[in-house]
Every structure is written in C-alpha cells, then in structure tokens.
Amino acid sequence: MNSLRAAIKFSLFFVSTFGHYGVWYLGRPFASDNAAWRQAIFTSWSRFFVWLSGGQIEIVGEKPEPPFFLVSNHLGYIDIPVLRSELRAVYVAKAEIESWFAAGKIVGDMGNIYIDRTNKRDIPRAGLKILETIRRGEAIIVFPEGTSTKGESVLPFNSSFFEFAAKSGLPVHFASVSYQTVDPGPKASESICWWDDTTFATHLLRLFRLKRYKAKITIGCDTVTGHDRKALARRLRDKVEECFTPIK
C-alpha cells in the first residue's frame, strides 16, 4: 500500500507542477499584476505539495509581511514548499538548477533568482537583483548554509550571501525549519531531509510513502543588521541555531 500510495502521489506531483505552470503561462497575458499572479500560482503549488506529501505545519513566531529578506537552515527541497506555503516570497537558488530539464525554466519563471556561488563576479549581480526584488515589494528567502543537511545542527553560513545586505544596511529576518515523522517508519533525517547522493526521484518516492509528518517553522522575533558580512553571517547562524530543533 505504501508503494502504491507513493506512486499515485508521485504522478500527482508532476501533474500539479506542470498544471500550475500551464495555468500561470496561459493566464499571464490577462494578469493586471504579473508578480501577484506569479506569487498566487507559487503559493497554490506549495500548499498542494504540502497537502499531497502529508505535511502538517506548525508556526512559532510572527510571520513577516513582504517585502523582507529572510535566511533559514536547509534540509532539502521540501523546505521550499513548506516555507513558501506560509511565507509569500521567492528564493535564491543555485545556478546549477537553471540547467535542469524543465525545472530550470519553471523555477526561473516563478521569480526565483539564480546565483553562481563559485563565481565571485556573479555575487554582486545577484545582490542587485535581490535588492530590486525587495524594492518591488516582494520578499526573498535564502539558504546560506549552501547545502542541505540531515538536521543534526546548523552549518556555518556562507558570508558571500550577505555582501549586499551589509553594504546596504538591510535588516535580515531569520527562521529555522525542522521535521518530525508521526507514524512508525523511517526517521525524518532519512525520509524527509535530502542530504546524501540519493536521486531526487528516489527520495521523492521515499517521502511520498509517509502518511504524514510534522514541519515546524520557528521565526525570529527580531532582525539582524551589520556592515561586516562575515560578522553578519556568524550572528545570523547563531540566531538560527538558537531556534532550531535538531532532527532525531
């Protein structure tokens, strides 16, 4: 039964993804506000994914209203719909995704910003793009660990993500995300976090075998500012670590 349920959910995931994208594409010429239309589609897809995968979300703290710049720890692709279902924002995504078949186009068209972290010349460009997005009234979420983890702790933050924030004095919000499986079975670190060499399709099927799980989003009550990007990165990492619930 678990395998059959996973197969059905797997199929519905792709139907939903391409269906939402198709609705966005067809409705774009008629939208009076393209950003609002894009955000509405992104929200709908995210909430459907959370429902489809059996997620139950708990929010601790007050959700900021756009525009804002927020950082969080990163446990895998599931963080994207979980956070996005509650926070109306776009993401800073690694440049490699842009080359992925179909996914690269969809992710970019949803307003997410690509950044090549290995190219120092690309960081200022991405920073300006982030500031433009915030000034336009939208919000940005970034995962400054630079990789996903199995949830034992929060890794040091890559300070390059904060170069533009330090120079502009932008207040930075912070949050942590954590998961817990509800029914007997694989641990959350194995079935929800995506941190090893398992392929996306294999891991997605593993996730869809779960009946339900709990996601906890803890949002900081204050913001952090600073003019030194390295000090800013350390302070934000410590803030996220303080509110993070380790995954067992």
Side-chain angles (χ1 to χ4, degrees), residues 2 5-6 9-10 12-13 16-17 20 39 41-66 68 70-93 107 110 112 139-145 147-155 157 173-196 198 200 202-221 236-237 239-248:
N2 286 349
R5 178 172 59 246
K9 289 183 176 182
F10 191 80
L12 288 175
F13 163 75
S16 170
T17 299
H20 276 90
Q39 289 281 6
I41 293 296
F42 201 175
T43 299
S44 177
W45 174 85
S46 298
R47 290 176 177 173
F48 181 83
F49 183 94
V50 172
W51 171 82
L52 182 68
S53 60
Q56 300 172 338
I57 299 177
E58 175 191 2
I59 298 287
V60 178
E62 186 174 347
K63 295 186 286 187
E65 290 294 326
F68 60 80
L70 181 142
V71 301
S72 172
N73 63 303
H74 191 28
L75 301 170
Y77 59 83
I78 195 170
D79 300 340
I80 294 170
V82 165
L83 286 168
R84 185 57 187 73
S85 66
E86 299 292 337
L87 301 171
R88 187 162 56 90
V90 295
Y91 290 89
V92 175
V107 170
M110 288 298 102
N112 300 293
I140 297 284
I141 296 175
V142 67
F143 302 116
E145 288 172 292
T147 187
S148 55
T149 75
K150 63 187 298 184
E152 294 176 323
S153 62
V154 179
L155 298 179
F157 285 177
H173 294 259
F174 59 92
S176 71
V177 60
S178 184
Y179 302 100
Q180 177 185 352
T181 50
V182 178
D183 301 310
K187 298 179 181 179
S189 59
E190 300 169 357
S191 57
I192 300 176
C193 302
W194 187 36
W195 51 274
D196 56 14
T198 305
F200 172 72
T202 300
H203 189 276
L204 190 61
L205 281 168
R206 186 185 300 167
L207 172 68
F208 285 158
R209 287 190 178 95
L210 298 175
K211 286 186 177 180
R212 57 198 176 105
Y213 62 89
K214 292 182 179 180
K216 180 181 179 181
I217 301 173
T218 305
I219 301 172
C221 59
L236 283 164
R237 185 266 172 196
K239 289 280 189 179
V240 173
E241 174 77 17
E242 286 174 9
C243 64
F244 173 62
T245 302
I247 294 178
K248 298 178 180 180

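Heads up: numbering here begins at 1 and tracks the sequence.
- The shortest side-chain heavy-atom distance between I217 and V82 falls under the 4.5 Å cut-off.
- Looking only at side-chain heavy atoms (C-beta outward), D79 and Y179 come within less than 4.5 Å of each other.
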* May I have the step-by-step check of side-chain contact (heavy atoms from CB on, under 4.5 Å) for Q56 and R212, ending in yes or no? => CA-CA 7 Å; Q56 300 172 338; R212 57 198 176 105; 4.1 Å; yes
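- The aromatic rings of W194 and Y77 lie perpendicular to each other, with more than 60° between the two planes, well past the 30° mark.
- A distance of 13.0 Å separates NZ in K187 from CD in Q180, rounded to the nearest 0.5 Å.
- At distances below 3.5 Å, at least one donor-acceptor pair connects side-chain atoms of N73 with backbone N or O atoms of V177.
- Of the possible donor and acceptor atoms, none in the side chain of H203 sits under 3.5 Å from a partner among the backbone N and O of G76.
- Considering only heavy atoms from C-beta on, F49 stays 4.5 Å or farther from S16 through its side chain.
- Residues P144 and L236 fail the side-chain proximity criterion, which asks for heavy atoms closer than 4.5 Å.
- Between the side chain of W195 and the backbone N or O of E190, no donor-acceptor pair lies under 3.5 Å.
- At least one donor-acceptor pair closer than 3.5 Å links the side chain of R237 to the backbone N or O of V154.
- Across every non-hydrogen atom of L75 and S148, the tightest pair is C-CB, 3.7 Å.
- Looking only at distances, a side-chain donor or acceptor of K9 sits under 3.5 Å from a matching main-chain atom of L52.
- Contact record, E145 with F157: CG-CE2, 3.7 Å, taken as the closest heavy-atom pair.
- The backbone N or O of S85 sits less than 3.5 Å from a side-chain atom of R47, completing a donor-acceptor pair.
- When side chains are defined from C-beta on, T181 counts as touching S191, because their heavy atoms get closer than 4.5 Å.
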* To do: Determine, step by step, whether C193 and I247 satisfy the side-chain contact (heavy atoms from CB on, under 4.5 Å) criterion, reporting the C-alpha distance in whole Å, the side-chain angles of both residues, the deciding distance to 0.1 Å, and the verdict.
  => CA-CA 9 Å; C193 302; I247 294 178; 3.5 Å; yes
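- The backbone N or O of V107 sits less than 3.5 Å from a side-chain atom of N112, completing a donor-acceptor pair.
- Atom CD of residue Q39 and atom CE of residue M110 lie 9.5 Å apart, to the nearest 0.5 angstrom.
- When all heavy atoms of V50 and P81 are compared, the closest pair comes out as CG2-O, 3.8 Å.
- Two rings, from F48 and W45, have their centers 6.0 Å or more apart.
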* Hey, mind stepping through L207 and F13 against side-chain contact (heavy atoms from CB on, under 4.5 Å) and telling me if it holds? -> CA-CA 12 Å; L207 172 68; F13 163 75; over 6 Å; no
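- The CD1 atom of I78 lies 5.5 Å from the CD1 atom of I192; values are rounded to the nearest 0.5 Å.
- Counting only heavy atoms from C-beta outward, the side chains of V240 and S176 approach each other to under 4.5 Å.
- Atom-to-atom distance recorded for H173:NE2 and K63:NZ is 14.5 Å, nearest 0.5 angstrom.
- In this structure, T198 OG1 and L205 CG are separated by 11.5 Å, a value rounded to the nearest 0.5 Å.
- Between Y91 and I140, every side-chain heavy-atom pair lies at or beyond the 4.5 Å cut-off.
- We find the CZ-CZ distance between R209 and F10 to be 10.5 Å, quoted to the nearest 0.5 Å.
- In this structure, S178 contributes its side chain and T245 its backbone to a donor-acceptor pair below 3.5 Å.
- Under the side-chain hydrogen bond (donor to acceptor under 3.5 Å, both in side chains) test applied with T43, the options E86, R84, R88 reduce to a single match, R84.
- No cation-pi contact links R5 to F208, judged by a cut-off of 6.0 Å to the six-membered ring centre and 45° from its axis.
- One side chain, S44 or H20, offers a donor N or O that lies under 3.5 Å from an acceptor on the other.
- By the 4.5 Å heavy-atom criterion applied to side chains, I219 and I59 are counted as neighbours.
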